[in-house]
Q: 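Sharing a structure here in structure tokens format.
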Amino acid sequence: MRVHQFTVQSNLDRAHLLRIANEASRFASDIRVSFGPDSHRREVDVKSLLGMMLTIISANTEICLTTRGKDELEALEYVQSLFEQPIIAPSM
């Protein structure tokens, strides 16, 4: 099992979180993200489209990313990079 805590620098909108869920599904490992105050801590399966779609992660939120499985290190590094990527607005 791998665990990494970091702070998200920008608001993550629904499209960004759905992209993370889609990309995470390529890994065999279980990938979970948890965040929020201890009294209301929320944990979501990163591969769950519905779970991620219903998630709101604001700028400066500290999140804990946990991976468990045969490709856990690669999954952790890749998914963390997705959470930290700046959001690019679609061009019109």
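Note that the structure is predicted; figures quoted are calculated from it, not measured.
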Q: If you look only at pairs with a residue in residues 34-63, which of them pass as a ring-ring contact (aromatic ring centres under 6.0 Å, His included), with sequence neighbours excluded?
A: none
Q: Which heavy-atom pair separates Ile56 from Arg42 by the least distance, and what is that distance?
A: N-NH1, 4.4 Å
Q: How many angstroms lie between atom CD of Glu77 and atom CG of Asp71, to the nearest 0.5 angstrom?
A: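 Here the rounded value is 11.5 Å.
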Q: Answer with yes or no whether the hydrophobic clustering places Leu50 together with Met52; edges join I, L, V, M, F, W, Y residues whose side-chain heavy atoms lie under 4.5 Å apart.
A: no
Q: For Arg26, is there any backbone N or O sitting under 3.5 Å from a side-chain donor or acceptor partner on Lys47?
A: no
Q: For Arg2 and Gln80, which I'm curious about, is there any donor-acceptor pair between the side chains at under 3.5 Å?
A: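 Short answer, no.
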Q: With hydrophobic residues grouped by side-chain heavy-atom distances under 4.5 Å, do Val8 and Ile31 end up in a single group?
A: yes
Q: With the 4.5 Å side-chain cut-off for hydrophobic clustering, are Tyr78 and Leu17 part of the same group?
A: yes
Q: Do any N or O atoms from the side chain of Asp30 and from the backbone of Arg68 form a donor-acceptor pair under 3.5 angstrom?
A: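 It does not hold such a pair.
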Q: With a 3.5 Å distance limit and no angle check, can you tell me whether His4 reaches the backbone of Thr67 through a side-chain donor-acceptor pair?
A: no
Q: Identify whether Ile20 and Phe6 are in the same connected component of the hydrophobic contact network (ILVMFWY, side-chain heavy atoms under 4.5 Å).
A: yes
Q: Do you know which two heavy atoms are closest between Ala24 and Val46, and how far apart they sit?
A: CB-CG1, 3.8 Å
Q: To the nearest 0.5 angstrom, please state how far the CZ atom of Arg14 sits from the CG atom of Leu54.
A: 7.0 Å
